[in-house]
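A short write-up of the structure that comes next.
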Amino acid sequence: MGREFIEIQPEVVAVILLTLAAGWQRACAAEDVNANAGEVLMTERLRDGMRGVLRNSPWKLIVLPGTESRSKASVVLPDGRTDIPLMLIEVFLRTQEHDPHAVIECKRIAGSDTHLCREYVVEGMDRFVREKYGENHAIGFMVGYVLSGSPSESADGVNAYLRRVSRSVDRLAPSDISDGTWQSLHARSKPSMPIRLHHAFLGFAGTPASRT
């Protein structure tokens with residue numbers, strides 16, 4: 001019997017995106033979270049911030065530790081390290097699936113930096129497209145820590161890279177699920193169902209890049 005394909009309803013996607021935004025607000029209160037901080041530190045602070053938001057929340061969502069993931073049943077040893085794995089209580093009760101039910105990959109980004117835009121796609125989005133993450137997921141999440149410029153400029157920078165490499169079909173478009181977020185849809189070789197990625201570009205408190 002194969003693993004159940006995990007779909008997430010739009011209202012749950014909205015909860016995850018809201019938790020990300022609120023968790024980032026908490027993370028930015030830490031003195032060591034700034035545009036010069038490393039990606040790992042920012043992600044640790046974001047995980048802690050999300051847990052703080054969820055502590056007294058009715059949302060049935062658990063932020064798991066960053067962990068290595070066995071993304072395919074045929075893979076014996078872990079083949080990837082997920083930045084922010086999520087467990088959804090409803091999905092666990094229904095499927096008994098122990099691997100994360102949603103994965104958030106985090107990258108540094110600036111719309112004017114062609115290298116970071118390429119890394120966002122190649123070392124971020126493509127991990128879902130190539131099924132390194134979320135092999136049995138219909139939905140995935142990307143976070144961009146906006147080092148300079150605005151969130152919309154970051155989305156434009158990613159789209160400019162995709163155009164340069166003839167992948168305009170993978171472009172980011174504004175989402176109607178949560179204001180100030182983007183989404184993209186990507187074909188995969190197998191399973192036949194594509195994966196939809198939701199993108200949250202998070203700026204730093206007190207800068208033009210801040211979403212809040």
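No hydrogens, no waters, no symmetry mates; every other heavy atom, side chains included, goes into these values. As the structure is a prediction and not an experimental result, all values here were calculated from the model. We count residues from 1, following the sequence as given.
The same ILVMFWY cluster, assembled from side-chain heavy atoms under 4.5 Å apart, contains both V12 and I177. Under the 4.5 Å side-chain heavy-atom criterion for grouping Ile, Leu, Val, Met, Phe, Trp and Tyr, Y161 is not connected to V129 through any hydrophobic cluster. Hydrophobic clustering of Ile, Leu, Val, Met, Phe, Trp and Tyr side chains at less than 4.5 Å, counting indirect connections, unites I62 with L93.
Distance check: M50 CE to T43 OG1 gives 11.0 Å after rounding to the nearest 0.5 Å.
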Exercise. Might you work through the ring-ring contact (aromatic ring centres under 6.0 Å, His included) test for F141 and Y133, ending with a clear yes or no?
Key: CA-CA 10 Å; F141 296 85; Y133 295 160; over 10 Å; no

Quiz item: Between Y145 and E39, does a side chain to side chain contact (heavy atoms under 4.5 Å, CB included) hold up when you go through it step by step?
Solution: CA-CA 8 Å; Y145 302 120; E39 184 181 298; 4.2 Å; yes

Self-check item: Derivation and outcome, side chain to side chain contact (heavy atoms under 4.5 Å, CB included), residues H186 and L197
Solution: CA-CA 8 Å; H186 311 276; L197 297 179; 3.6 Å; yes

Exercise. Please lay out, stage by stage, how L162 and N159 fare under the test side chain to side chain contact (heavy atoms under 4.5 Å, CB included).
Key: CA-CA 5 Å; L162 291 168; N159 284 339; 3.9 Å; yes

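Closest non-hydrogen pair, P174 versus W182, comes out as N-CD1, 3.5 Å. Here the closest non-hydrogen pair linking P100 and V103 is CB-CG2, 4.2 Å. Across every non-hydrogen atom of S148 and A110, the tightest pair is OG-CB, 3.5 Å. The minimum heavy-atom distance linking A102 with I8 is given by the pair CB-CD1, 3.9 Å.
Applying the side chain to side chain contact (heavy atoms under 4.5 Å, CB included) test between R47 and each of I84, L64, I104 identifies I84 as the sole match.
A salt bridge links R167 and D126; the closest N-O separation between the charged side-chain nitrogens and carboxylate oxygens is under 4.0 Å. By the 4.0 Å N-to-carboxylate-O rule, R108 lies too far from D113 to be salt-bridged with it. One finds a salt bridge joining R127 and E105 here, because a Lys/Arg side-chain nitrogen approaches an Asp/Glu carboxylate oxygen to under 4.0 Å.
Looking only at distances, a side-chain donor or acceptor of E153 sits under 3.5 Å from a matching main-chain atom of S150. A donor-acceptor distance shorter than 3.5 angstrom exists from the side chain of H101 to the backbone of L88, with no hydrogens or angles considered.
Note: F204 and W24 meet the aromatic proximity criterion, with ring centroids under 6.0 Å apart.
No side-chain donor from either of H199 and T181 sits under 3.5 Å from a side-chain acceptor of the other.
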